[in-house]
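Report on the following structure.
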Amino acid sequence: QLTWSETENIAWKVEIPGLGHSSPVIWEDKLFLTTAVPTTGSTGQTGSGQGGFGQGATGDQPEHRLVVLCLDKRTGKKIWERTANTVKPHEGYHRRYGSYASNSPVTDGKRLYTFFGSRGLYTYDLDGKLLWQRESPIRMQMRNAFGEGTVLVLDGDTLLANFDHEGDSFLMALDAASGKTRWKVDRDEPSNWSAPLVLEHGGVRQVIVAAPNRVRSYQLKDGALIWECGGLGLNTIPAPVHANGIVYVMSGFRDPNLLAI
């Protein structure tokens, strides 16, 4: 039986500054993660606001450094640290489950792609050299200022970034080596946190995005719509999964539905 606690069966433990809800990613002996650190003189993390359960604060927030860290997977020792940007976010995040570093990074073993939603995309080599960066095309307005957090998805040499919010939503495909836009499709969707899923069916690579209005499948090569299906509710947070030719999608709290398509 495997057991662990604060002190039992722990290989290493390292304090991470700030607050980050992104998942770490590992390549060989390097572990990468992101966090948001209040700057000196800042009043700190202000995800909380007035209003309903978990609602975030609106309006300009305290200044934060968006930090990318590389640790030794075996020891936890810091190998390098980079500040991607220093920003004053335009709104807060869910008081229990959010942060300004909720978008998980991704790597292909050559480059590390870090995504901070409205605050940009920053790509490094695995030694911490900045290769390219892109400002976000919009400032997302999330429902109840719940915060951002859709995961950046990498498939081969294509990066997929979804921007579903309470404004003009869209899905973008970028060239992973340069950051240049390959295609962009507008989407009639409200706030959404579900990560796109890429799969191949009938010789065609599809990008499937679950969302409150419609679940949609696009061609990876050009963004052309293949199919769509309604039936989910608000709070589409779980990412789609698939098995045996069936895609499973879910929506969460308030209108929890599960579809097999």
Please tell me if the side chains of [X] and [Y] come closer than 4.5 Å, counting only heavy atoms from C-beta onward.
X: Phe116; Y: His64; value: no
X: Pro62; Y: Pro38; value: no
X: Trp80; Y: Phe32; value: yes
X: Trp12; Y: Lys77; value: no
X: Pro196; Y: Val209; value: yes

Straight-line distance of [X] [atom1] to [Y] [atom2], nearest 0.5 Å:
X: Leu225; Y: Gln219; atom1: CG; atom2: CD; value: 9.5 Å
X: Leu121; Y: Thr114; atom1: CG; atom2: OG1; value: 6.5 Å
X: Glu28; Y: Leu126; atom1: CD; atom2: CG; value: 8.5 Å
X: Asn103; Y: Glu148; atom1: CG; atom2: CD; value: 6.5 Å
X: Leu131; Y: Tyr122; atom1: CG; atom2: OH; value: 14.5 Å
X: Asp222; Y: Arg182; atom1: CG; atom2: CZ; value: 12.0 Å

Would the number of heavy atoms belonging to other residues, nucleotides or ligands and lying under 6.0 Å from CG of Asn85 be above 12? yes

Please determine whether the number of non-hydrogen atoms from other residues, nucleotides or ligands lying under 6.0 Å from atom NZ of Lys110 exceeds 12. no

Between Glu228 and Arg216, does any side-chain N to carboxylate O distance fall below 4.0 Å?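 So Glu228 pairs with Arg216 through a salt bridge.
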
Thinking salt bridges, do Glu6 and Lys13 make one under a 4.0 Å N-O criterion?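 Yes.
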
Please give the remaining members of the hydrophobic cluster of Val249, linking ILVMFWY side chains under 4.5 Å, ordered by chain and number.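 Joined to Val249, directly or through intermediates: Leu197, Leu199, Val204, Ile208, Val215, Ile226, Trp227, Leu232, Val247, Leu259, Ile261.
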
Ignoring hydrogens, what is the shortest heavy-atom contact between Ala173 and Leu160? Give both atom names and the distance. CB-CD2, 3.9 Å

Please tell me whether Ser169 and Glu189 have a donor and an acceptor in their side chains that are separated by less than 3.5 angstrom.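 No, because no side-chain N or O of Ser169 sits under 3.5 Å from a partner of the opposite role on Glu189.
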
Would you say the side chains of Ser191 and Glu166 form a donor-acceptor pair under 3.5 Å? yes

Checking salt bridge (Lys or Arg N to Asp or Glu O under 4.0 Å) for the pair Lys30/Asp127: CA distance, chi angles, key distance, verdict? CA-CA 10 Å; Lys30 290 181 176 179; Asp127 293 321; 3.0 Å; yes

Output every pair passing salt bridge (charged side-chain N to carboxylate O under 4.0 Å, His left out) with a member in residues 192-206, not counting sequence neighbours, ordered by first then second residue.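 For residues 192-206, and leaving out neighbouring residues, the salt bridge (charged side-chain N to carboxylate O under 4.0 Å, His left out) pairs sorted by first residue read Asp155-Arg205, Glu200-Arg205.
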
List the steps and the verdict of side chain to side chain donor-acceptor pair (under 3.5 Å) for Arg65 and Thr83. CA-CA 6 Å; Arg65 290 192 302 116; Thr83 297; 2.7 Å; yes

May I ask you to check whether Tyr100 and Tyr93 place their ring centers less than 6.0 Å from one another? yes

Partners meeting ring pair (Phe, Tyr, Trp, His ring centres under 6.0 Å) with Phe170 (sequence neighbours left out): Phe163

